[in-house]
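In what follows, residues are counted from 1 in the order of the sequence shown.
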Amino acid sequence: QVQLVESGGGLVQAGGSLRLSCVASGRTFKNYAMGWFRQAPRKEREFVAAISWSGGPTYYRDSVKGRFSISRDNAKNTVYLQMNSLKPEDTAVYYCAARLGIGLPIGQDEYNNWGQGTQVTVSS
């Protein structure tokens, strides 16, 4: 198990950028695949991006491809989500998630460690 703490959310105008960070506790962070999810008001939580334990393979939902970038620094136990060209429809609470092992999980039920979330609000 790892404890996850997100930060970096806030209010930004459309077209702006934010970088979310998620710091994990423990010494085995490098063994976890990591993901970002988001939940907008009155909507289901949805997958945003994932990165493998090695930091090599990544995967994105179609609506954020070319605008968002997921990366990780295993020495700092941190995963990042760089969000550029933000749109009002990106407004949501963003959650970091971790899953032990190899692979590139994109389903919520594949993850068993979750952070508390950080609010991102994009104004038009």
Side-chain angles (χ1 to χ4, degrees):
Q1 294 286 341
V2 291
Q3 303 296 318
L4 304 173
V5 179
E6 304 96 333
S7 63
L11 174 63
V12 63
Q13 289 188 332
S17 298
L18 284 174
R19 188 176 80 157
L20 306 183
S21 299
C22 172
V23 179
S25 64
R27 296 176 291 177
T28 60
F29 173 74
K30 64 181 181 180
N31 296 330
Y32 285 78
M34 301 297 296
W36 285 97
F37 290 76
R38 67 187 181 187
Q39 187 168 19
R42 299 175 297 281
K43 291 188 177 182
E44 296 291 319
R45 188 159 58 183
E46 62 184 19
F47 168 81
V48 176
I51 188 167
S52 70
W53 66 272
S54 67
T58 57
Y59 190 78
Y60 301 89
R61 70 178 299 108
D62 286 346
S63 62
V64 307
K65 286 179 181 177
R67 299 189 299 122
F68 290 12
S69 177
I70 188 171
S71 61
R72 66 189 295 160
D73 185 340
N74 286 344
K76 296 182 178 180
N77 280 16
T78 303
V79 63
Y80 304 98
L81 185 67
Q82 177 67 44
M83 305 186 294
N84 299 326
S85 302
L86 282 161
K87 304 175 181 180
E89 51 263 44
D90 294 318
T91 295
V93 177
Y94 282 71
Y95 298 90
C96 173
R99 200 282 303 273
L100 183 65
I102 63 174
L104 204 58
I106 64 173
Q108 294 185 57
D109 56 359
E110 298 182 81
Y111 290 88
N112 54 2
N113 298 273
W114 292 86
Q116 294 300 306
T118 185
Q119 176 70 48
V120 171
T121 303
V122 184
S123 63
S124 58

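Looking at Gln108 and Glu44, their side chains never come closer than 4.5 Å, going by heavy atoms from C-beta outward. Between Gln119 and Thr91, the closest side-chain pair of non-hydrogen atoms falls below 4.5 Å.
The existence of a salt bridge linking Lys87 and Asp90 is excluded, since no basic side-chain nitrogen approaches an acidic carboxylate oxygen closer than 4.0 Å.
The closest donor-acceptor contact from the side chain of Glu46 to the backbone of Arg38 lies at 3.5 Å or more, if one exists at all. In this structure a side-chain-to-backbone donor-acceptor pair under 3.5 Å is missing from Asp73 to Thr78. When atom types are taken as modelled, the side chain of Ser25 and the backbone of Gln3 share a donor-acceptor pair closer than 3.5 angstrom. For Glu6 (side chain) and Cys96 (main-chain N/O), a donor-acceptor pair under 3.5 Å exists by modelled atom type.
Residue Lys65 places its NZ atom among more than 12 non-hydrogen atoms of other residues, nucleotides or ligands, all under 6.0 Å distant.
In this structure, Ala33 and Pro105 approach most closely via the heavy-atom pair CB-CD, 3.7 Å. When all heavy atoms are compared, the tightest approach of Ser124 to Pro88 is CB-CG, 3.8 Å.
Summarising the geometry, atom SG belonging to Cys22 is positioned 11.0 Å from atom CD belonging to Gln116; distances are rounded to the nearest 0.5 Å. Taken to the nearest 0.5 Å, the CZ atom of Arg72 stands 13.5 Å off from the OG atom of Ser21.
Val93 forms part of a hydrophobic cluster together with Phe37, Phe47, Tyr59, Tyr95, Leu104, Ile106, Tyr111, Trp114, judged by ILVMFWY side-chain heavy-atom separations under 4.5 Å. Cluster partners of Val122, by chain and number: Val2, Leu4, Val12, Leu18, Leu20, Phe29, Tyr32, Met34, Trp36, Val48, Ile51, Tyr60, Val64, Phe68, Ile70, Val79, Leu81, Met83, Leu86, Tyr94, Leu100, Val120. The rule joins Ile, Leu, Val, Met, Phe, Trp and Tyr whenever side-chain heavy atoms lie under 4.5 Å apart.
Within the structure, salt bridge (charged side-chain N to carboxylate O under 4.0 Å, His left out) contacts touching residues 97-121 (residues at least two apart or in different chains) do not occur.
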